[in-house]
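One structure is given here, and the rest of the page talks about it.
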Amino acid sequence: MKRHRAERGLSQEKLAELASFHRTYVSQLERCVTNITIDGLERLAVALDVDVTDLLRP
């Protein structure tokens, strides 16, 4: 997720805004501190303009 965010020049705050998340939640996801729902994964994929499966790859 962090790689896709960086490739698009998005800050954690901007990605959070696009996906309707709180910035700290995006930070936690990038650090693998918390889990995400399928719905949340889809929201991130839409915000990053990638396929959901792209977010599941290491």
Between [atom1] on residue [X] and [atom2] on residue [Y], distance to nearest 0.5 Å:
X	Y	atom1	atom2	result
I38	R43	CD1	CZ	13.0 Å
Q28	Q12	CD	CD	10.0 Å
L48	L18	CG	CG	8.0 Å

Q. Name the one of T24, N35, T34 that satisfies side chain to side chain contact (heavy atoms under 4.5 Å, CB included) with L29?
A.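 For L29, the side chain to side chain contact (heavy atoms under 4.5 Å, CB included) check succeeds only for T34.
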(Q) Using the rule side chain to side chain contact (heavy atoms under 4.5 Å, CB included), only one of E7, M1, K2 pairs with H4; which is it? (A) E7
Q: Write down the atom of R8, the atom of V50, and the distance for their closest heavy-atom approach.
A: NH2-CG1, 3.1 Å
Q) Within a reach of under 6.0 Å around CD of E13, are more than 12 heavy atoms found that belong to other residues, nucleotides or ligands? A) no
Q. Is it true that atom CG of L56 has more than 12 heavy atoms of other residues, nucleotides or ligands lying nearer than 6.0 Å?
A.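 More than 12 within 6.0 Å, yes.
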(Q) Given 3.5 Å as the limit, does a donor-acceptor pair link the side chain of R5 with the main chain of L15, or not? (A) no
Q) Do you see a donor-acceptor pair shorter than 3.5 Å between the side chains of S27 and R23? A)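 Looking only at side-chain atoms, R23 and S27 do not form any donor-acceptor pair under 3.5 Å.
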Q. Is there a donor-acceptor contact under 3.5 Å linking the side chains of D51 and T53?
A. yes
(Q) Is there a continuous path of hydrophobic side-chain contacts, each under 4.5 Å between heavy atoms, that joins V46 to Y25? (A) no
